[in-house]
There are 2 protein chains.
Amino acid sequence: MAKDRKIDMVILGLLAHEDLTGYDIKKRIDGAISLFWKGSFGSIYPALSSMEKEGLVEKKADATGKRERIFYHVTDKGIDCLKAWLEDEKATNDLKYETLLKLHFGGSVDRATSLKSVVAFEEEITEKLSLLQLYKKNLEPDLDNEDHLHYYLTVSFGITTYEAYLKWCEEAKKLLAHMDKISII
Amino acid sequence: MAKDRKIDMVILGLLAHEDLTGYDIKKRIDGAISLFWKGSFGSIYPALSSMEKEGLVEKKADATGKRERIFYHVTDKGIDCLKAWLEDEKATNDLKYETLLKLHFGGSVDRATSLKSVVAFEEEITEKLSLLQLYKKNLEPDLDNEDHLHYYLTVSFGITTYEAYLKWCEEAKKLLAHMDKISII
DNA sequence: TACATTATATATCAAATTGATATGTTGTCA
DNA sequence: TGACAACATATCAATTTGATATATAATGTA
């Protein structure tokens, strides 16, 4: 068996605040959560079905609209499940940095190639960082709100690490810049 | 189709330096590479088989030992494949921080619970950081070696980001420390 | 010497996940 | 009216994980 479905916890965490459709859940994940977790329709819809069978969530008929919309509501059992997970401080943090992988194996291609990977990474991070700073500005005035405090912590994590990434990019660019080093010396 | 098998590139990158068995490859990945990529036997062995069929690697009989050992050697086609990947600066960097996920949804449990997650994370990072500093010390004297320079860059990435993590842990602990805040004010 | 434990080594499998694709509806702007 | 973007559910092959099975060689220890 692979590890328990983590996507279940993401869904339960979101449903703890409001009833949502699978599509809504995907949008929430693509927002601030995408900084540290991702989820696709291919995992969300099957997870909702299976959690419904387990009694962790329940379907709510949508009377209002004409369009098919299946809202999910978290049950007491679902809340218990979420809390049990939150109270366990064990956590697996998995990173897959293709940029770093390319850099690690970059010794057999020329430095200009490695440099291009660093610059592409730098651009990506710079863009995301300005979005995070916007999130931070919105959360800062209301840290007495327990939820906002916790959202703030994750956004602050993103900002701190992204700033470190950019600092590293500067160092990496400097080290890779001396492309003619061997021929000069 | 899911995205191309990235594990192939890890294997080709390793085989570019020396012939290895599947078991060796796993050990290499569990070393310095584990900072930014992971791989299991369940992906390594099937990848080796399929790459052999594609002509990217070839089996080398092991004459010496008595134990079953299948060494793999990278072909010219395999090297071309590796270089093509290295020369493409596009890269997807996927993070799965369960710690951050727990913190994001921590607003509905007490702060002591969130604090425990931060402390567990801090301990994990502190331990890994000292290992990285050891790697760095070993690589630093020989940065003229093109491979070492590239290894150094990834180790330096790890150190810079882990130091940022620890800085954030301090901030997070401070913000979560005021557990009686509401009742005091 | 005998025994237990750890490291070496290949391989497979169910479960989880991704990324793509299929299918159709509703709202908006020109 | 027509085009396009956003909404919404669902499925699938390919990939990956984490666990397990199986077996041999080396090492420590009683």
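Just so it is clear: chains get the letters A, B, ... in the order the sequence lines come, proteins before strands, and each one is counted from 1.
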_Under 4.0 Å, counting only non-hydrogen atoms across every strand here, what does A:Lys26 touch: a base, just sugar-phosphate, or nothing?_
nothing

*Can a side chain N or O of B:Tyr23 be found less than 4.0 Å away from OP1 or OP2 on C:dT8?*
yes

_How many whole angstroms separate atom CZ of A:Phe41 from atom C1' of C:dT18?_
13 Å

*asked:* Categorize B:Gly42 for me: base, sugar-phosphate, or nothing, with a 4.0 angstrom heavy-atom threshold over every strand shown.
replied: base

_Close side-chain approach of A:Asp88 and B:Lys102, heavy atoms under 4.5 Å_ = yes

*What nucleotide among D:dC7, C:dA11, C:dT12 has an atom nearest to a side-chain atom of A:Lys27?*
D:dC7

*asked:* Counting the atoms with a prime plus P, OP1 and OP2 as sugar-phosphate, which does A:Ser40 contact under 4.0 Å by heavy atoms, base, sugar-phosphate, or nothing?
replied: base

*A:Ile7 or B:Thr21: which one's nearest nucleotide on DNA chain C is closer to the 5' end?*
B:Thr21

*Rounded distance in Å - NZ (A:Lys6) to C1' (C:dT17)*: 12 Å

*Mind calculating the distance between CG (B:Asp8) and P (D:dA14) to the nearest angstrom?*
14 Å

*Nearest-Å distance for atom pair NZ/C1', residues A:Lys60 and D:dT9*: 20 Å

*If you find the nucleotide of DNA chain C closest to B:Tyr72 and the one closest to B:Lys96, which residue's nucleotide is nearer the 5' end?*
B:Tyr72

*Answer with yes or no after comparing the ring centroid distance for A:Phe157 and A:Phe36 against a 6.0 Å cut-off, counting only values under it.*
no

*asked:* Measure CD/A:Glu54 against P/C:dA15 and give the value in whole Å, please.
replied: 13 Å

*Tell me which nucleotide among C:dT10, D:dT9, D:dT17 gets nearest to the side chain of B:Ser43.*
D:dT17

*Are A:Leu143 and A:Ile159 grouped together when hydrophobic residues (ILVMFWY) are joined by side-chain heavy atoms under 4.5 angstrom apart?*
yes

*How close or far is atom C1' of D:dT16 from atom CG of A:Leu95, stated in whole angstroms?*
16 Å

_Interatomic distance where CZ belongs to B:Arg69 and P belongs to C:dA11 [whole Å]_ = 13 Å

*May I ask you to decide whether B:Glu87 forms a salt bridge with B:Lys83, counting only side-chain N to carboxylate O separations under 4.0 Å?*
no

*Can you tell me how far C1' of C:dA16 sits from CG of B:Asp94, to the nearest Å?*
15 Å

*asked:* Assess, by modelled atom type and distance only, whether the side chains of A:Thr126 and A:Glu122 contain a donor and an acceptor separated by less than 3.5 Å.
replied: no

